[in-house]
There are 2 protein chains.
Amino acid sequence: MFSGIRKIISVKSTSRKKPGASPKLSEKKERLKLFLKEKGFKSTKQRDIIASEFLAVGEHVTAEELYNRICKKHSNIGFTTVYRTLKLLAESGLATERVFADNLTRYEPLAAEEHHDHLICLKCGSITEFEDQRMERLQEKIATEFGFSVETHKMELYGRCRKCGGGNI
Amino acid sequence: MFSGIRKIISVKSTSRKKPGASPKLSEKKERLKLFLKEKGFKSTKQRDIIASEFLAVGEHVTAEELYNRICKKHSNIGFTTVYRTLKLLAESGLATERVFADNLTRYEPLAAEEHHDHLICLKCGSITEFEDQRMERLQEKIATEFGFSVETHKMELYGRCRKCGGGNI
DNA sequence: AGGAAATTGAAATTCATTTTCATTTGGAAA
DNA sequence: TTTCCAAATGAAAATGAATTTCAATTTCCT
Ligand SMILES: [Mn+2]
Ligand SMILES: [Mn+2]
Ligand SMILES: [Zn+2]
Ligand SMILES: [Zn+2]
């Protein structure tokens, strides 16, 4: 079903609805430092730069995309370190890992406690985020009917966004 | 989020609720033959054997799993042909491609018109299928609210099945 | 039967991800 | 501050599933 899509879509992120991430930037970087200290890991220039850039971008990025942005200004930072730092950010709870239909691993700045699902346009690749309590409750209800307890879920709607003819087909 | 899971789970399929697939087996193989003829493709021994085995297994399998079953009795059938035949089956509408959290491509015998979603146990890997019209309607509703039209969706609930302590945690 | 076109399967390739390893660096302890 | 060692870095290699290549074989239309 997705075999064709894999090659076609190149998921680009839409700008976020809540640009309120900016004021918390320093707070987030503080969280990372605490996490590193707790774990006996070290704070490094690279990690600081990578985390800053990641939080600045603010949307769903692959390790490669983030690396490409960073290496223009910091030729001394390698892809591997970007890759590893994104994993660290996810571990620390500052980022969330996502894999959409194109099978690439992306990260977005999102605390582990927060949550949302995604609408993904197959034409332009834009990503729209939504959180819907009716959906969350219904998932729980269905799971319960099967004697199942939910730990995580994946809920992605693929189709056409408004700009790409979503309303009228 | 799924980084740990990827290595842990090896998704095994549960036996299906509807074993009514058996009587339609010949009908399905007829459908495949028609599809091949329409497309100008050829009917071959290999395709026949692979399709039969796939329909006989009846659950979510990777190309490799199916190949391993087949090559025991038919050492003359290669992995590549199994892989390509599964793609063909999906194209013909006799199979559906699925990618769960372990990121492996699986196929299940399911006509393109039919539909269901999945509950996947992170402990034992069992897969439970469900179809819920409330869920389908809610997805449409949410999409509409965003001016979005849905073509496909992915809805997977990961957690504990009843046997693995799903009810009480 | 003849022959063009499709199929097969072993091997090679692709490509994102992950690991390896020699070297460098951070930061706690002296 | 200097010492010292575990952690970090990054280039390169490895991994592994998915996909493509290509020479040999098979299908099936005439
Ligand atoms: Mn998101
Ligand atoms: Mn299924
Ligand atoms: Zn769009
Ligand atoms: Zn289970």
Side-chain angles (χ1 to χ4, degrees), chain A residues 1-7 9-11 32-51 60-68 70-71 74-92 97-107, chain B residues 2-7 9-11 32-51 61-68 70-71 74-92 97-107:
Chain A
M1 184 190 280
F2 287 140
S3 54
I5 293 166
R6 269 195 205 175
K7 301 302 179 52
I9 74 173
S10 65
V11 185
L32 177 59
K33 278 199 173 172
L34 282 174
F35 171 79
L36 292 173
K37 182 157 283 180
E38 275 174 14
K39 292 278 185 174
F41 298 154
K42 294 171 179 173
S43 290
T44 65
K45 305 172 193 64
Q46 289 93 332
R47 283 175 177 170
D48 190 66
I49 291 167
I50 294 165
H60 312 80
V61 284
T62 62
E64 194 176 13
E65 284 164 2
L66 191 60
Y67 168 72
N68 286 333
I70 290 172
C71 71
H74 306 274
S75 61
N76 55 318
I77 294 184
F79 168 79
T80 312
T81 303
V82 174
Y83 162 80
R84 282 188 284 225
T85 301
L86 285 172
K87 294 234 129 178
L88 259 188
L89 287 166
E91 267 188 70
S92 77
E97 205 177 297
R98 303 275 188 192
V99 181
F100 298 126
D102 64 357
N103 241 41
L104 294 180
T105 301
R106 275 163 232 273
Y107 293 84
Chain B
F2 288 139
S3 52
I5 294 166
R6 270 196 206 175
K7 303 301 178 54
I9 74 173
S10 64
V11 185
L32 177 59
K33 277 199 173 173
L34 281 175
F35 170 80
L36 293 173
K37 183 157 282 182
E38 274 175 15
K39 292 278 184 174
F41 298 154
K42 292 170 180 174
S43 291
T44 65
K45 305 173 193 62
Q46 288 94 332
R47 283 174 178 170
D48 190 67
I49 291 167
I50 294 165
V61 285
T62 64
E64 193 176 13
E65 284 164 1
L66 191 60
Y67 167 72
N68 286 333
I70 290 172
C71 71
H74 307 274
S75 60
N76 56 317
I77 294 185
F79 168 80
T80 313
T81 303
V82 174
Y83 162 79
R84 282 188 284 223
T85 302
L86 285 172
K87 294 234 129 178
L88 259 188
L89 286 165
E91 266 188 71
S92 77
E97 206 178 295
R98 303 276 189 192
V99 181
F100 298 126
D102 65 355
N103 241 40
L104 293 180
T105 302
R106 275 164 232 274
Y107 293 83

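Naming convention: chains lettered A, B, ... in sequence-line order (proteins, then strands); numbering from 1 in each chain.
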Review point. How long is the span from the CD atom in A/Glu64 to the OH atom in A/Tyr83, to the nearest 0.5 Å?
Key: 13.5 Å

**Study point:** Nearest-angstrom distance from the residue atom CD1 of A/Ile50 to P of D/dA8
**Key:** 12 Å

Practice item. Please round to the nearest 0.5 Å and tell me the distance separating atom CD1 of A/Ile50 and atom CZ of A/Arg84. Key: 10.0 Å

Could you go over nucleotides 11-15 of chain D and give all protein N or O partners under 3.5 Å, atom names and distances?
none

Check your understanding: Atom CD1 of B/Ile70 and atom P of C/dT8: how far apart are they, to the nearest Å?
Key -> 12 Å

Check your understanding: Just how far, in rounded Å, is C1' of C/dT17 from CZ of A/Arg106?
Key -> 14 Å

Tabulated below should be each protein N or O lying under 3.5 Å from an N or O of nucleotides 24-30 of chain D; please produce it.
residue, atom, partner, partner atom, Å
D/dT27, OP1, B/Lys45, NZ, 2.3
D/dT27, O3', B/Ser43, O, 3.4
D/dT27, O2, B/Lys42, NZ, 2.6
D/dC28, OP1, B/Ser43, N, 3.0
D/dC28, OP1, B/Ser43, O, 3.4

Point to revise | For atom NZ of A/Lys33 and atom C1' of D/dA8, their distance in whole Å | key: 16 Å

Check your understanding: What is the distance from CG of B/Asp48 to P of C/dT7, rounded to the nearest Å?
Key -> 15 Å

Study note, to complete from the structure: In this structure, CZ of A/Phe79 is separated from CD1 of A/Ile70 (nearest 0.5 Å) by 11.0 Å

Review point. Is any side-chain nitrogen or oxygen of A/Tyr83 closer than 4.0 Å to OP1 or OP2 of C/dT18?
Key: yes

Check your understanding: Can you find a pair of side-chain heavy atoms, one from A/Tyr67 and one from A/Thr81, that are under 4.5 Å apart?
Key -> no

Revision key, fill the gap. Closest heavy-atom pair, A/Cys71 versus A/Ile77, reported as atoms and distance to 0.1 Å, is CB-O, 4.5 Å

Check your understanding: Measuring from B/Arg106:CZ to B/Thr62:OG1, what's the distance to the nearest 0.5 Å?
Key -> 6.0 Å

Review point. Counting distance only, does the side-chain N/O of B/Arg47 pair as donor-acceptor with the main-chain N or O of B/Lys42 below 3.5 Å?
Key: yes

Point to revise | Approximate separation, where rounding is to 0.5 Å, of A/Thr44 OG1 and A/Leu36 CG | key: 8.0 Å

Review point. Once you round to the nearest 0.5 Å, how far does CD of A/Glu38 lie from OG of A/Ser92?
Key: 10.0 Å

Point to revise | For atom CD of B/Glu64 and atom P of D/dA17, their distance in whole Å | key: 6 Å

Review point. Rounded to whole angstrom units, what separation is found between the CG atom of B/Leu88 and the P atom of C/dT7?
Key: 7 Å

Check your understanding: Whole Å only: how far is the NZ atom of B/Lys87 from the C1' atom of D/dA18?
Key -> 8 Å

